Amino acid sequence: MKFSGEYVIPATREEVWVALQDPQILQECIDGCEEMTSLDTNEYESLVRVKLGPVRAKFRSIIRMLDVAPPESYTLAVNARGGNAGFGIGQANVTLKPNEAGTTLCYEVTGSVSGKLAQLGSRLFLSVANKMASSFFTKFCARWATTQNTT
C-alpha cells in the first residue's frame with residue numbers, strides 16, 4: 001500500500017513542528033483515537049478504534065520518529081496490533097516546507113497489513129487510510145487555528 005498527500009497549514013514551520021509532536025493535539029485529530037501517550041523523546045503509543053468495512057477493531061500502536069531533522073522532516077515508523085483483526089506496519093516520510101501561506105506539509109506513506117484486514121482487500125484499506133489522513137489534517141488545521149486564536 002502506498003499513498004501521499006500535501007496540505008498547506010497557515011502557520012510557521014516551527015509552529016507546525018511543535019503541534020505535530022503534541023500528544024493531546026494528535027489524539028484530538030486522529031479519528032477514533034482514545035489514547036495518545038508520549039513514551040519517550042520521539043516515541044508515542046496510541047489506542048485507536050477503527051471500522052474497516054465489516055471489521056471493527058481496536059489497534060494499539062507504537063509510533064517512532066526516526067531521522068528527525070527539526071523543523072524540516074522526520075520519518076514515522078508505525079507498528080499497529082489489532083488482535084484478531086490483524087496487524088499493520090508502515091512508514092511515513094513527512095516534510096515541512098515554508099511558503100507564503102505558512103507551511104506545506106508533504107507526506108508519503110508505505111505500509112502493509114495482515115490478518116482479517118488483508119482479506120478485505122487493498123482498495124478498501126487504501127480508501128480508509130486516505131479518509132483518515134484527510135480527516136486528520138482537516139481537524140489539525142481547524143484545531144491549530146482555534147488554538148492560535150485563543151492566545
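This is a predicted model, so every value here is computed, not measured. Counting begins at 1 with the first residue of the sequence.
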Check your understanding: For the atom pair CD1 (Ile30) and OG (Ser135), what is the distance rounded to the nearest 0.5 Å?
Key -> 10.0 Å
Exercise for review: Determine whether Lys58 and Leu47 make a side-chain contact, defined as any pair of heavy atoms from C-beta on separated by less than 4.5 Å.
Suggested key: yes
Point to revise | Minimum side-chain heavy-atom gap Phe140-Leu20 below 4.5 Å | key: yes
Point to revise | Thr75 vs Gln91 side-chain heavy atoms within contact, under 4.5 Å | key: yes
Exercise for review: State whether the side chain of Ser61 and the backbone N or O of Val78 hold a donor-acceptor pair below 3.5 Å, judged by distance alone.
Suggested key: no
Review point. Would Phe59 and Ile89 show up in the same hydrophobic cluster when neighbours are defined by side-chain heavy atoms closer than 4.5 Å?
Key: no
Point to revise | Backbone of Ala92 reached by a side-chain donor or acceptor of Glu108 within 3.5 Å | key: no
Review point. Do Tyr74 and Leu66 belong together in a cluster built from hydrophobic side chains that touch within less than 4.5 Å?
Key: no
Review point. Stepwise, does the side chain to side chain contact (heavy atoms under 4.5 Å, CB included) test hold for Arg13 with Glu72?
Key: CA-CA 8 Å; Arg13 183 166 68 169; Glu72 185 178 320; 3.8 Å; yes
**Study point:** Heavy-atom donor-acceptor pair, Glu28 side chain to Ile25 backbone, under 3.5 Å
**Key:** no
Review point. Can you find a pair of side-chain heavy atoms, one from Tyr107 and one from Glu6, that are under 4.5 Å apart?
Key: no
Exercise for review: Treat each ILVMFWY residue as a node, draw an edge where side-chain heavy atoms are under 4.5 Å apart, and state whether Val48 and Leu76 are in one component.
Suggested key: yes
Check your understanding: What distance separates Arg60 CZ from Ser46 OG, expressed to the nearest 0.5 Å?
Key -> 8.0 Å
Review point. What's the verdict on salt bridge (charged side-chain N to carboxylate O under 4.0 Å, His left out) for Asp31 and Lys139, showing C-alpha distance, side-chain angles and the deciding distance?
Key: CA-CA 9 Å; Asp31 284 343; Lys139 289 179 181 181; 2.4 Å; yes
Exercise for review: Working to the nearest 0.5 Å, report the span between CG of Leu105 and NZ of Lys97.
Suggested key: 10.0 Å
Practice item. Look up atom CE in Met65 and atom OH in Tyr44, then write down how far apart they are to the nearest 0.5 Å. Key: 5.5 Å
Point to revise | Gap separating the CZ atom of Arg56 from the NZ atom of Lys51, nearest 0.5 angstrom | key: 5.0 Å
Check your understanding: Do Phe136 and Tyr7 have ring centroids that are under 6.0 Å from one another?
Key -> no
Check your understanding: How long is the gap from CD1 on Ile63 to CG on Leu26, to the nearest 0.5 Å?
Key -> 7.5 Å
Point to revise | Min side-chain heavy-atom separation Gln24-Met36 under 4.5 Å | key: no
Check your understanding: When you measure from the side chain of Ser73 to the backbone N and O of Ala69, does any donor-acceptor pair fall under 3.5 Å?
Key -> no
Check your understanding: Can you hop from Ile62 to Val50 via hydrophobic side chains spaced under 4.5 Å?
Key -> no
Study note, to complete from the structure: Of all heavy-atom pairs linking Gly82 and Ala57, the shortest is O-CB, 4.4 Å
Review point. Step by step, would you call Asn99 with Val8 a side chain to side chain contact (heavy atoms under 4.5 Å, CB included)?
Key: CA-CA 9 Å; Asn99 67 42; Val8 175; 4.0 Å; yes
Review point. Ignoring hydrogens and geometry, is there a side-chain-to-backbone donor-acceptor pair from Asp40 to Glu43 under 3.5 Å?
Key: no
